[in-house]
Amino acid sequence: MNTVLSSDLPLPKIGRGKVRDIYAVGDDRVLLLTTDRISAFDVVMAETIPMKGAVLTQISAYWFGKLQGAVPHHMISADADEIIHEVPALKNHRADLLGRAMLCRRTTVFPIECVIRGYISGSAWKEYAAQGTLAGEKLPAGLVESAKLEPAIFSPATKAETGHDENITVARMREVVGAETAATLEGMARKVYALGEAQARTHGIIIADTKFEFGRDKDGRIILIDEVMTPDSSRFWAVDAYKPGAPQPSFDKQPLRDYLDVERRAGRWNGDAPPPPLPASVVDATSKRYLEAYRRVTGSELAI
């Protein structure tokens with residue numbers, strides 16, 4: 001399977017994120033093509049990570065399948081041949097679509113990341129350790145790093161085009177989208193997380209936290225969009241290695257982050273673009289980590 005840094009399909013390109021290229025398919029559908037680009041510390045690397053795009057797309061497709069009937073979502077198909085049948089203009093681009101493309105319903109996207117934290121880690125732990133709060137709101141005293149939060153905390157954030165998303169209060173979210181919509185988004189996010197966390201645990205994975213996006217379709221329905229419970233949108237830990245009180249090893253781009261940390265501490269990188277070149281060993285280790293995440297979450301090997 002070829003690696004893809006950037007795509008060029010015969011459709012109007014309407015967006016390009018750090019990882020995804022977005023194409024319009026008429027007025028009511030979009031094609032999301034997940035490249036093998038990878039970013040860390042808000043900088044996109046020059047190298048690609050083999051199979052990463054397919055892992056992200058197919059984990060999302062797995063979850064959308066599991067969610068059928070539980071919450072409405074945007075996926076129409078993540079199968080290359082079905083996509084070509086729906087969009088004949090792509091018939092000569094099967095190799096570009098294979099494994100990494102998803103045909104979806106088009107929506108008006110809410111400008112909010114709906115974050116669910118089942119465990120306290122990352123930026124949430126840093127704020128809590130310093131101030132005892134999350135997004136300025138008090139949490140119970142005495143929590144340790146990676147502790148389970150019961151109940152899970154809904155922690156919305158603003159969507160940033162560049163740089164980090166910013167945690168906001170639920171009150172601020174209500175001001176942005178309205179009280180009724182805010183309640184609907186929180187309820188849907190909690191439902192998806194509860195289903196996913198319970199399912200993943202049967203395969204030996206803890207979904208410590210995750211973020212969801214939602215949009216409103218042409219019929220006015222609020223539906224789940226973007227990627228769902230992938231290594232890029234979630235923190236995955238191994239059930240059998242979980243020990244609260246310290247950071248946990250995670251199934252994501254940790255080999256890349258570790259390498260960049262070394263380069264930064266050694267003074268060979270200042271943290272801005274351009275990033276340092278990645279050794280083949282780091283690329284390979286990161287690719288294997290993504291494939292392991294797929295195997296752990298779904299219970300099977302990725303077959304494209």
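These numbers come from the heavy atoms of this one structure, side chains and all, not from hydrogens, waters or symmetry mates. Quick caveat: nothing in here was measured; it's all calculated off a predicted structure.
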What are the two closest heavy atoms between [X] and [Y], and how far apart are they?
X    : Y    : result
S6   : T35  : CA-CG2, 4.5 Å
P279 : Y259 : CD-CZ, 3.4 Å
P111 : V176 : CG-CG1, 3.9 Å
R296 : A238 : NH1-CB, 3.9 Å
V144 : I120 : O-CG2, 3.5 Å

_Taking side-chain hydrogen bond (donor to acceptor under 3.5 Å, both in side chains) as the criterion, tell me which of D209, T210, D252 meets it with S234._
T210
[X] side, atom [atom1]; [Y] side, atom [atom2] - distance, nearest 0.5 Å:
X    : Y    : atom1 : atom2 : answer
K13  : L33  : NZ    : CG    : 8.5 Å
I205 : D240 : CD1   : CG    : 9.0 Å
L195 : W63  : CG    : CH2   : 7.0 Å

Is [Y] close to [X] at the side-chain level, that is, under 4.5 Å between some pair of heavy atoms?
X    : Y    : value
K253 : S39  : yes
I59  : M229 : no
L32  : T57  : no
E137 : S155 : no
V262 : R268 : yes
S121 : R235 : yes
R221 : R216 : no
Y290 : L56  : yes

*If you measure only the distance, is there a donor-acceptor pair under 3.5 Å linking the side chains of Y23 and S7?*
yes
Counting distance only, does the side-chain N/O of [X] pair as donor-acceptor with the main-chain N or O of [Y] below 3.5 Å?
X    : Y    : answer
Y128 : L143 : yes
R172 : T158 : no
Q248 : A246 : yes
Y193 : F212 : no
E127 : G136 : yes
H74  : D226 : yes
H73  : M75  : yes

List the atom pairs, with distances to 0.1 Å, where a side-chain N or O of residues 90-104 and a protein N or O form a donor-acceptor pair under 3.5 Å, not counting sequence neighbours.
| from | atom 1 | to | atom 2 | distance (Å) |
| --- | --- | --- | --- | --- |
| H93 | ND1 | D96 | OD2 | 3.2 |
| R94 | NE | D81 | OD1 | 2.7 |
| R94 | NH2 | D81 | OD2 | 3.2 |
| R100 | NH1 | T34 | O | 2.9 |
| R100 | NH1 | D36 | OD1 | 3.3 |
| R100 | NH1 | D36 | OD2 | 3.3 |
| R100 | NH2 | N2 | O | 3.2 |
| R100 | NH2 | D36 | OD2 | 2.9 |

*Indicate, with yes or no, if I116 and I225 share a hydrophobic cluster defined by side-chain heavy-atom contacts under 4.5 Å among Ile, Leu, Val, Met, Phe, Trp and Tyr.*
no
Exceeds 12 heavy-atom contacts within 6.0 angstrom, atom [atom1] of [X]:
X    : atom1 : answer
K148 : NZ    : yes
H85  : NE2   : no
D8   : CG    : no
D219 : CG    : yes

Indicate yes or no: does [X] engage [Y] in a salt bridge with an N to O separation below 4.0 Å.
X    : Y    : answer
K18  : D42  : yes
D284 : K288 : yes
E292 : R295 : yes

*asked:* Which residue is it: W237, F236, W125? I am looking for the one with a ring pair (Phe, Tyr, Trp, His ring centres under 6.0 Å) to Y119.
replied: W237
Using distance only, find each side-chain donor-acceptor pair of residues 44-55 under 3.5 Å and give its atom names and separation, not counting sequence neighbours.
| from | atom 1 | to | atom 2 | distance (Å) |
| --- | --- | --- | --- | --- |
| E47 | OE2 | L278 | N | 3.0 |
| T48 | OG1 | T3 | OG1 | 3.3 |
| K52 | NZ | R37 | O | 3.0 |
| K52 | NZ | D232 | OD2 | 3.0 |

_side-chain contact (heavy atoms from CB on, under 4.5 Å), that's the test. Do F154 and V115 meet it? Break it down for me._
CA-CA 6 Å; F154 177 69; V115 182; over 6 Å; no
_Can you classify the ring geometry of W269 versus F41 as parallel (below 30°), tilted (30 to 60°) or perpendicular (above 60°)?_
tilted
